[in-house]
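Structure first, then comments.
Computed from a predicted structure; not experimentally measured. Throughout, residue positions are numbered sequentially from 1 according to the sequence presented.
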Amino acid sequence: IRRPPRSTPKPSSAASDVYKRQELYPDHPNLRGNYAPLRMECDIEDLIIEGEVPKELFGSYYRNGPDPQFPPMGGDYHWFAGDGMIHAFHFENGKISYLNRWAQTSKWKQERKAGRALINSLNPMEPDPEFSFEGEDGTANTNIVFHSGKLLALEEGHKPFELDPLTLESKGAWNYQGKLDSAMTAHPKVDPITGDMIGFSYGFGVNKMSYFVINSKGVLTTFSEFETPYSSMVHDFVVTTKHIIFPVFPLIIDFKLIAEGKSPLAWDAHRASQIGIMPRDGTVKDIKWIESDPCYVFHPMNAYEEEGKIIADMMQFEEAPMFPHLDGSRPDLKKGEARLNRWEIDISSSAGSIKKQYLDESIGEFPRLDERKSMSKHRYGYYASNDGKSPKGVSFNSISSYDFKTGYKDSFTLTEFDAVGEPIFVPKNQNSDEGQGFLIALAYLGKENRSDLMVFDAENISSGPLARAMSVSYTHLTLPTKA
């Protein structure tokens, strides 16, 4: 996004009365340290820079994550339930400005008016009597994309939420002129050749998914629904130049479990994964399901076609983290750690088959690549990893790159008190070779209790950041999601 000449930022209208309230937040692992609520909106015209920001970086970097404006109703909390907080870093002439705003959803507005939380994140169907579901548009807290001139904050249970790309002013839910008849995944895929954005949604407790395509002009051109083998939390998916892969993993959704005093989302280790393969030039009637061992993937890196096979690089868990087993027992912490795994999906036979191979022994998540290679064969990938001690909970203290041709991994590791977010690749220019460019990533510094925006040479990560932009204290990573 090209930014117009700088102007004096206006004070946030929503932040002025935040600290008039003195609520106490519970001592919860996702409400302390790196995950602690920021609870304010602010503007900083010029961040303090250590090092030199490459002049090639001109535009805007966005990220979002959950930031509950009030202590949770009922005293308990889930990481995914906080109000969406959008952060924008604008790059221009070696300088970086910063602003952040809450996504002012219906929930946010109602709770702001009431002065307290009105939804129990662990039991959302029994809200405070003051809460109204009319016009409910989610939390907009998981991912953020810019497509066809619109900045959209995403959360997989609802439609996209639009914001102004310069001021972050909330514009509200966007349904593509009434054509989007479902929620949208938090991770749609944009074809770098056509500009089409491909998305899906999944049914909560029903064996159904939707599939849709939005062209480069922002017009929804395709919308279809199809049956799935069972109801599952399908957080992400994979697209190649020829196929779309819908992974249905055994993190099942069954509301009958509530009557047994259990979570409606549970890991069923005795159920096989079902991987749906659909030709892009076909329809949902052409989906072929391939059965595979139970596992879970929150975030794939990329996929492409080669010699009659689909090659997909995935951050694979042996079982879904953060959710209980079907019998109500706690998840296995070791199995709930993701590692880079290459899938070879053979679609030449009627049954199909999937071979899997781990490529990196280190724990990792939030994979990215040079987006110009999206859906086609890539050489380099980037992700947050854990190459040593790091803060407790879901956290990573290293930025890594992986060369799929040579198997070489390059990393930069912070201290055991620090945590990093998802690394975003930016090419030096549109004609640069794959991998020639910069990585941008946020890092939470535990001892300083602040977050820095780091800029790396993507070809030499281990030498450390070229520049650090020191952001306001308490600008925590919360959920390290795409920008």
**Short N-O contact, Arg379 and Glu434, less than 4.0 angstrom** = no
**Asked** Are the side chain of Arg271 and the backbone of Leu251 linked by a donor-acceptor contact shorter than 3.5 Å?
**Response** no
**Message:** Assess whether a salt bridge exists between Asp313 and Arg342, defined as any Lys/Arg side-chain N lying under 4.0 Å from an Asp/Glu carboxylate O.
**Reply:** yes
**Carboxylate-amine/guanidinium proximity below 4.0 Å for Arg372 and Asp370** = yes
**Asked** With no hydrogens and no angle check, is any side-chain donor or acceptor of Asp268 less than 3.5 Å from a backbone partner on Pro250?
**Response** no
**Asked** Going by the angle between their ring planes, with limits at 30° and 60°, are Trp343 and Phe249 parallel, tilted or perpendicular?
**Response** perpendicular
**Asked** Between Ser97 and His90, is any side-chain donor less than 3.5 angstrom from a side-chain acceptor?
**Response** no
**Asked** Do Thr413 and Asn397 touch side chain to side chain, with heavy atoms closer than 4.5 Å?
**Response** yes
**Request:** List in chain and number order the residues that pass side chain to side chain contact (heavy atoms under 4.5 Å, CB included) with Ala338, two or more places apart in sequence or in another chain; answer none if no residue qualifies.
**Result:** Met315, Phe317, Glu365
**Prompt:** Would Ser292 and Ser273 count as having a side-chain donor-acceptor pair, cut-off 3.5 Å?
**Reply:** no
**Note: Arg368-Glu422 ion pair, threshold 4.0 Å (strictly below)** = yes
**Message:** Quick check against the 3.5 Å criterion: does Tyr25 have a side-chain atom that pairs as donor or acceptor with the backbone of Pro68?
**Reply:** yes
**Item:** Whether over 12 other heavy atoms sit under 6.0 Å from Lys356 NZ
**Value:** yes
**Side-chain touch Thr185/Leu154, heavy atoms, less than 4.5 angstrom** = no
**Request:** Using a strict cut-off of less than 4.0 Å between a Lys/Arg side-chain nitrogen and an Asp/Glu carboxylate oxygen, indicate whether Glu56 and Lys428 qualify as a salt bridge.
**Result:** no
**Request:** Applying ring-ring contact (aromatic ring centres under 6.0 Å, His included), run through Phe456 and Phe412 and close with a yes or a no.
**Result:** CA-CA 9 Å; Phe456 294 88; Phe412 176 78; 5.5 Å; yes
**Any donor-acceptor N/O pair, Asn64 side chain to Asn143 backbone, under 3.5 Å** = yes
**Complete:** All heavy atoms of Trp79 vs all of Pro66, minimum pair found to be O-CG, 3.1 Å
**Asked** So, for Phe89 and Phe91, is the gap between ring centers shorter than 6.0 Å?
**Response** no
**Prompt:** Between Leu24 and Pro71, is any pair of side-chain heavy atoms under 4.5 Å apart?
**Reply:** no
**Message:** Between His158 and Asp137 (side chain of the first, backbone of the second, donor and acceptor by atom type, cut-off under 3.5 Å), is there such a pair?
**Reply:** no
**Prompt:** With a 4.5 Å limit on heavy-atom distance, are the side chains of Phe425 and Glu371 in contact?
**Reply:** no
**Request:** Answer yes or no: is there a side-chain heavy-atom contact under 4.5 Å between Thr105 and Thr139?
**Result:** no
**N/O donor-acceptor pair under 3.5 Å between Ser170 side chain and Gln104 backbone** = yes
**Item:** Step-by-step side chain to side chain contact (heavy atoms under 4.5 Å, CB included) determination, Arg32 to Asp27
**Value:** CA-CA 7 Å; Arg32 73 170 84 104; Asp27 185 18; 2.8 Å; yes
**Any donor-acceptor pair under 3.5 Å from Asp164 side chain to Thr167 backbone** = yes
**Prompt:** Side chain of His325, backbone of Asp327: donor and acceptor closer than 3.5 Å?
**Reply:** no
**Asked** What heavy-atom pair brings Ala81 and Asn141 nearest, and what distance separates the two atoms?
**Response** C-ND2, 4.1 Å
**Item:** Lys/Arg-Asp/Glu bridge criterion (N-O < 4.0 Å) met for Asp452, Arg450
**Value:** yes
**Message:** Assess whether a salt bridge exists between Asp83 and Arg39, defined as any Lys/Arg side-chain N lying under 4.0 Å from an Asp/Glu carboxylate O.
**Reply:** no
**Message:** side chain to side chain contact (heavy atoms under 4.5 Å, CB included), that's the test. Do Val145 and Val190 meet it? Break it down for me.
**Reply:** CA-CA 10 Å; Val145 297; Val190 178; over 6 Å; no
**Asked** Does any donor atom in the side chain of His378 or Asn302 lie under 3.5 Å from an acceptor atom in the other side chain?
**Response** yes
**Prompt:** Checking ring-ring contact (aromatic ring centres under 6.0 Å, His included) for the pair His187/Phe200: CA distance, chi angles, key distance, verdict?
**Reply:** CA-CA 9 Å; His187 298 292; Phe200 74 94; 9.2 Å; no
**Request:** For the residue pair Asp433 and Pro427, establish whether any side-chain heavy-atom pair is separated by less than 4.5 Å.
**Result:** no
**Prompt:** Going by heavy atoms in the side chains, are Val234 and Met209 under 4.5 Å from each other?
**Reply:** yes
**Asked** From Ile363 CD1 over to Asn386 CG, what is the distance, rounded to the nearest 0.5 angstrom?
**Response** 5.0 Å
**Request:** Output the distance between atom NE2 (His235) and atom CD (Glu156), rounded to the nearest 0.5 Å.
**Result:** 5.5 Å
**Request:** Mind checking salt bridge (charged side-chain N to carboxylate O under 4.0 Å, His left out) for Lys355 and listing every partner two or more places apart, or none if nothing turns up?
**Result:** none
**Asked** If only atom types and distance count, is the side chain of Asn100 paired as donor or acceptor with the main-chain N or O of Cys42 below 3.5 Å?
**Response** yes
**Item:** Shortest non-hydrogen contact between Pro54 and Val455, atoms and distance
**Value:** CD-CG1, 3.9 Å
**Request:** For Ile49 and Ile96, run side chain to side chain contact (heavy atoms under 4.5 Å, CB included): C-alpha distance rounded to whole Å, both residues' side-chain angles, the deciding distance at 0.1 Å, then the answer.
**Result:** CA-CA 8 Å; Ile49 305 293; Ile96 305 174; 4.0 Å; yes
**Prompt:** Any luck finding a side-chain donor-acceptor pair between Tyr98 and Glu45 under 3.5 Å?
**Reply:** no
**Asked** What orientation do Trp102 and Trp108 show, parallel under 30°, tilted 30 to 60°, or perpendicular over 60°?
**Response** tilted
**Item:** Salt bridge present between Lys377 and Glu306 (N-O < 4.0 angstrom)
**Value:** yes
**Spacing of CG belonging to Leu442 relative to CD1 belonging to Ile399, to within rounding of 0.5 Å** = 9.5 Å
**Message:** Checking Asp403 against Tyr380 for the side chain to side chain contact (heavy atoms under 4.5 Å, CB included) test, could you report, in this order, the C-alpha distance in whole Å, the side-chain angles of both residues, the deciding distance, and whether it holds?
**Reply:** CA-CA 5 Å; Asp403 185 334; Tyr380 301 103; 3.6 Å; yes
**Asked** Parallel under 30°, tilted from 30 to 60°, perpendicular over 60°: which one fits the rings of His78 and Phe80?
**Response** perpendicular
**Request:** Look only at the side chain of Ser263 and the backbone of Ala266, and say whether a donor-acceptor pair between them is shorter than 3.5 Å.
**Result:** no
For residues 462-469, which side-chain donor-acceptor pairs fall under 3.5 Å, sequence neighbours excluded?
| residue | atom | partner | partner atom | Å |
| --- | --- | --- | --- | --- |
| Ser462 | OG | Asp410 | OD1 | 2.9 |
| Ser463 | OG | Asn460 | O | 2.8 |
| Ser463 | OG | Asn460 | ND2 | 3.4 |

**Message:** Contact between Met301 and Leu340 at the side-chain level, heavy atoms closer than 4.5 Å - yes or no?
**Reply:** yes
**Asked** Any idea which heavy atoms bring Gly364 and Tyr383 closest together, and the distance?
**Response** CA-CD1, 4.4 Å
**Asked** Does a salt bridge link Lys309 with Glu305, judged by any charged N lying under 4.0 Å from a carboxylate O?
**Response** no
**Message:** Under a 4.0 Å threshold between the charged nitrogen and the carboxylate oxygen, would Lys335 count as salt-bridged to Glu337?
**Reply:** no
**Message:** On a heavy-atom basis, which atom in Ser148 and which in Ser216 lie closest, and how many Å separate them?
**Reply:** CB-O, 3.4 Å
**Asked** Would you call Lys409 and Asp360 a salt bridge, taking side-chain N to carboxylate O under 4.0 Å as the test?
**Response** yes
**Shortest non-hydrogen separation from Ala458 to Leu439 and the atoms involved** = CB-CG, 4.1 Å
